[in-house]
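A short write-up of the structure that comes next.
In the text below, chain A, chain B and the rest are named by the order of the sequence lines, each starting its count at 1.
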Amino acid sequence: MTSLEDRIRNAAVEAIKDLYSQECPLNTIQVQKTRKDLSGDFTLVVFPLLRISRKNPVQTGEDLGGYILAKLQDIEKFEVVKGFLNFTAKETYWIQFLNNVLDQSPYGFVKPEKGTAPVLVEYSSPNTNKPLHLGHIRNNLLGYAVSKLLMATGKPVKMVNLVNDRGIHICKSMLAWQRWGDGITPEKSGMKGDRLVGDYYVRFEKEYQHEVTELQSQGLSKEEAAKKAPMLLDAQEMLRKWEAGDSEVTALWEMMNQWVYTGFDTTYKSLGIAFDKVYYESQTYKMGKQLVLDGLEAGVLYKKDDSSVWADLTDSGLDEKLLLRSDGTSVYMTQDLGTAHQRHEEFGFQNHVYVVGNEQNYHFKVLALILKKLGFDWAEQLHHLSYGMVELPDGKMKSREGKVVDADELIEEMVENARQVSKDLGKLDGFEEKEKEEINYRIAMAALKYFILKVDPVRTMLFNPKESIDFNGNTGPFIQYTYVRIKSVLRKAEDLNISIPQTVSLDVQVNEQEIQLIKLVYSFPELLQEAGRQYSPALLANYLYELVKAFNQFYQHSTIINEENSELRGFRLSLASFVARHIQDGMRIMGIEMPERM
RNA sequence: GGACCAGUAGCAUAAUGGAUAGUGCACCUGAUUACGGAUCAGGAGGUUGGGGGUUCGAGUCCCUCCUGGUCCGCCA
């Protein structure tokens with residue numbers, strides 16, 4: 001069925017043809033939702049058409065409004081306010097619309113087309129030398145939600161993770177563990193593996209600073225001291241051994257990385273995220289070299305006297321970028337060129353989304369430019385989903401100063417808070433302990449996830465632990481609460497053997513709140529598409545909040561079960577039941593699960 | 001030094017170039033012997049960082065300045 005907005009657009013084109021004898025392209029007709037404080041549902045903006053009509057805005061609006069009203073049966077009336085032509089749809093139009101979507105589940109989602117190339121979403125991408133923190137949480141939640149969002153708009157998605165499991169930072173942890181670990185393991189210490197390894201990374205930095213200070217007191221400059229501290233030299237030596245495949249170093253590296261992975265798995269599981277494929281930099285860090293050599297041969301790259309290889313990006317207003325060191329080895333950029341190429345060969349992706357913080361804006365700009373230089377047209381299909389940092393009320397997180405919000409600790413803190421609120425309200429009294437825990441966990445994660453995802457990704461966001469655990473207002477638990485209340489009503493209906501109709505009568509007298517609710521629902525499919533286009537779960541989050549607010553208004557205003565008119569009661573039950581499913585489906589995109597009671 | 005991003009009530013945030021800039025928290029006032037009050041209704045709070053420009057119309061686009069952040073490594 002063509003949407004009413006589209007039919008208004010088409011009718012407007014015809015009207016202009018008939019009334020003014022002019023051709024008017026469809027896309028110049030602007031139809032949008034009417035502001036909610038004015039009467040009407042759809043607004044046709046008249047201003048751009050004045051050139052064609054050669055009349056004033058009000059007269060033009062009247063002309064078009066009269067024509068379109070006569071043409072479209074679903075229009076009840078129109079009104080011209082200044083240069084805006086506002087149409088009101090008939091109530092039966094909305095009820096009919098509801099009837100059409102009642103059985104759609106999930107409503108508004110587009111089924112994935114078979115045989116189309118996937119969208120790759122790379123996210124998480126942790127280093128294996130320390131546990132995940134709040135910044136990673138934003139990354140993980142965004143990556144997962146965007147993936148689900150794209151799936152809901154009909155795109156097949158592959159979620160991939162690129163683990164940075166090699167390099168000097170891992171060697172630092174390894175070295176410190178070797179020296180001071182005394183053979184400790186996660187099992188012996190009872191610590192999560194990623195935490196244990198992270199502690200030795202911190203230990204390294206601490207001891208290293210001692211050495212630097214010591215050297216400085218012997219008269220070296222700060223820079224020299226930082227370069228010549230024995231521990232750093234040892235770590236570098238360890239990295240060289242690792243690259244040479246030294247069996248002892250490799251064994252240590254494998255063992256400690258494994259501890260970290262086990263720890264990460266726990267955190268990933270708490271966050272409810274997963275990947276279709278995991279890449280490891282230890283296996284990809286040499287990639288891309290051949291691409292660069294090919295580029296060199298083709299003359300799009302160049303070699304300096306010391307035989308290092310560079311891309312000249314000055315024609316794009318950027319710098320020169322190193323791609324191969326003078327000893328012929330790859331750098332980070334080279335590796336990313338290689339993995340992008342490999343993934344394109346492997347998946348033939350239609351798009352590749354990189355969920356990476358905005359401090360790497362330059363990197364991804366350069367990545368695309370170089371791929372383009374190398375002759376790969378699909379460079380344009382790469383998209384850097386750049387998100388802002390998460391700051392704390394007292395400023396930025398700083399790993400070195402220990403000013404980080406640990407992911408596991410934060411999650412536990414959120415759960416503890418949910419426990420407290422549930423306990424204070426006494427709503428879970430009499431529930432089994434296991435069930436309580438599950439509910440509190442869902443509430444806690446809803447609070448955390450929603451708090452982070454409702455903010456536009458590009459923004460630097462402030463994470464205030466005190467506010468994030470708020471369960472009122474524009475929060476995840478508020479949305480869950482609305483869902484739970486609906487479910488409670490539906491259970492009650494079932495107990496009373498009141499059935500929920502599959503279709504509702506067009507004759508029911510609906511009220512303002514009900515119409516408002518249906519109109520919001522009507523706008524969802526387009527909103528979902530827009531959220532997908534913008535890679536923005538925030539749009540979805542804010543829609544869902546609007547939706548539950550509208551439902552709460554309806555719920556407060558009208559009785560459902562106790563409504564005496566059975567047709568009206570049926571209508572309200574169908575609407576409520578539909579909204580419950582709709583909320584659940586929408587929240588699931590953001591990785592948020594609904595409790596049945598709370 | 002160069003480049004990129006952001007700046008919206010006390011705080012946190014929303015707004016395909018469209019109407020009187022929405023919303024939450026906090027603050028004030030009301031509503032219930034409840035289909036679950038973790039709710040709803042109402043109030044107060046704004047020169048959208050400053051200035052200029054484009055447009056019928058600018059928080060949104062352009063220029064400029066201010067503030068904050070990030071990047072510009074033979075690190076990843």
Base, sugar-phosphate, or nothing for A/D165, non-hydrogen atoms under 4.0 angstrom? nothing

Using the six-membered ring for Trp and the full ring for Phe, Tyr or His, decide whether A/F47 stacks on the six-membered base ring of B/G18 (centres under 5.5 Å, planes under 30°). yes

Any side-chain N or O of A/N472 less than 4.0 Å from the OP1 or OP2 oxygen of B/A38? no

Whole-angstrom distance between B/A12 and B/G17, as gauged at atom C1': 27 Å

On RNA chain B, nearest-nucleotide positions of A/E546 versus A/R485: which is more 5'? A/E546

Do A/F478 and A/F471 have their ring centres less than 6.0 Å from each other? no

Any base atoms under 4.0 Å from A/Q480, or only sugar-phosphate, or nothing? Heavy atoms, all strands. nothing

Using atom C1' in both nucleotides, what's the gap between B/A14 and B/A9 to the nearest angstrom? 14 Å

B/U16, B/C40, B/C35: which one has an atom nearest the side-chain heavy atoms of A/N552? B/C40

Paired with B/G17: which nucleotide, if any, by Watson-Crick or G-U wobble criteria at under 3.5 Å for both distances? none

Pairing check on B/U23: which nucleotide meets the Watson-Crick or G-U wobble criteria with it, both distances under 3.5 Å? B/A12

Under 3.5 Å, side chain of A/H384 to main-chain N/O of A/V355, donor-acceptor pair present? no

Counting the atoms with a prime plus P, OP1 and OP2 as sugar-phosphate, which does A/E281 contact under 4.0 Å by heavy atoms, base, sugar-phosphate, or nothing? sugar-phosphate

Would you indicate what A/S558 reaches in the nucleic acid, counting non-hydrogen atoms under 4.0 angstrom: base, sugar-phosphate, or nothing? base

Scan A/D456 against the nucleic acid and name what it touches under 4.0 Å (heavy atoms): base, sugar-phosphate only, or nothing. sugar-phosphate

Under 4.0 Å between a side-chain nitrogen and a carboxylate oxygen: does that hold for A/K55 and A/D63? yes

Is the shortest side-chain N/O distance from A/R459 to OP1 or OP2 of B/C5 below 4.0 Å? no

Using the P atoms only, state how far B/G45 lies from B/U55, rounded to an integer number of Å. 36 Å

Can you find a donor-acceptor pair, distance only, under 3.5 Å between A/E530 side chain and B/U16 base? no

A/K549, nearest nucleotide to its side chain (from B/A3, B/A38, B/U23): B/U23

Please confirm whether A/F204 and A/Y201 have ring centers closer than 6.0 angstrom. no

When the C1' atoms of B/A19 and B/G2 are compared, how many Å lie between them, rounded to an integer? 43 Å

Give one of base, sugar-phosphate or nothing for A/L462, where a contact means two heavy atoms less than 4.0 Å apart. sugar-phosphate

So what does A/P48 touch, heavy atoms closer than 4.0 Å: a base, only the sugar-phosphate, or nothing? base

Between residues 36-46 of chain A and RNA chain B, which residues have a heavy-atom gap below 4.0 Å? A/L38, A/T43, A/V45

Check salt bridge (Lys or Arg N to Asp or Glu O under 4.0 Å) between A/K449 and all other residues, then give those that pass, not counting sequence neighbours. none

Going by the angle between their ring planes, with limits at 30° and 60°, are A/Y543 and A/F524 parallel, tilted or perpendicular? tilted

Answer yes if the ring centres of A/H383 and A/F364 are under 6.0 angstrom apart, and no otherwise. no

For A/Y545 and B/U13, give me the distance from atom OH to atom C1', rounded to whole Å. 11 Å

Looking at B/U20, I'd like to know if its phosphate oxygens (OP1 or OP2) sit under 4.0 Å from a side-chain N or O belonging to A/K82. yes

Can you tell me which nucleotide in B/G18, B/C4, B/A76 comes closest to the side chain of A/R166? B/A76

Using Watson-Crick or G-U wobble geometry with both distances under 3.5 Å, which nucleotide pairs with B/A31? B/U39

Does B/G1 have a Watson-Crick or wobble mate here (both distances under 3.5 Å), and if so which one? B/C72

Under 4.0 angstrom, heavy atoms only, what part of the nucleic acid is A/Y285 near: base, sugar-phosphate, or nothing? nothing

So, does A/N358 get its side chain near the phosphate of B/A6, meaning an N or O under 4.0 Å from OP1 or OP2? no

Whole-angstrom distance between B/C62 and B/C5, as gauged at atom P: 9 Å

With respect to A/H169, which candidate in A/N129, A/N164, A/T128 satisfies the side chain to side chain donor-acceptor pair (under 3.5 Å) definition? A/N164

Hey, which of these two, A/V81 or A/N474, hits RNA chain B nearer its 5' end, going by closest nucleotide? A/V81

Pairwise C1' distance for B/U29 and B/G22, with rounding to whole Å: 23 Å

Tell me what A/F478 touches on the nucleic acid: a base, only sugar-phosphate, or nothing, going by heavy atoms under 4.0 Å. sugar-phosphate

Indicate, with a heavy-atom threshold strictly under 4.0 Å, whether A/M461 touches base, sugar-phosphate, or nothing. sugar-phosphate

Does B/C75 have its OP1 or OP2 closer than 4.0 Å to a side-chain nitrogen or oxygen of A/R325? yes

Looking at B/C71, I'd like to know if its phosphate oxygens (OP1 or OP2) sit under 4.0 Å from a side-chain N or O belonging to A/Y362. no

Looking at B/A41, I'd like to know if its phosphate oxygens (OP1 or OP2) sit under 4.0 Å from a side-chain N or O belonging to A/Q553. yes

If you only use heavy atoms from C-beta on, which nucleotide in B/C40, B/A19, B/G18 is closest to the side chain of A/R35? B/A19

Can A/R166 be said to sit on top of A/Y285's aromatic six-ring, NZ or CZ under 6.0 Å from centre and within 45° of the ring axis? yes

Side chain of A/Q556, heavy atoms from C-beta onward: which of B/C40, B/C35, B/U23 has the nearest atom to it? B/C40

Could A/K321 and A/W310 be counted as a cation-pi pair, given that NZ or CZ must be under 6.0 Å from the ring centre and within 45° of the axis? no

Begin from the C-alpha positions of A/Y354 and A/Y123 and carry the test ring-ring contact (aromatic ring centres under 6.0 Å, His included) through to its verdict. CA-CA 6 Å; A/Y354 293 88; A/Y123 72 102; over 10 Å; no

Minimum-distance nucleotide to A/V455 side chain [options: B/C35, B/A14, B/C72]: B/A14

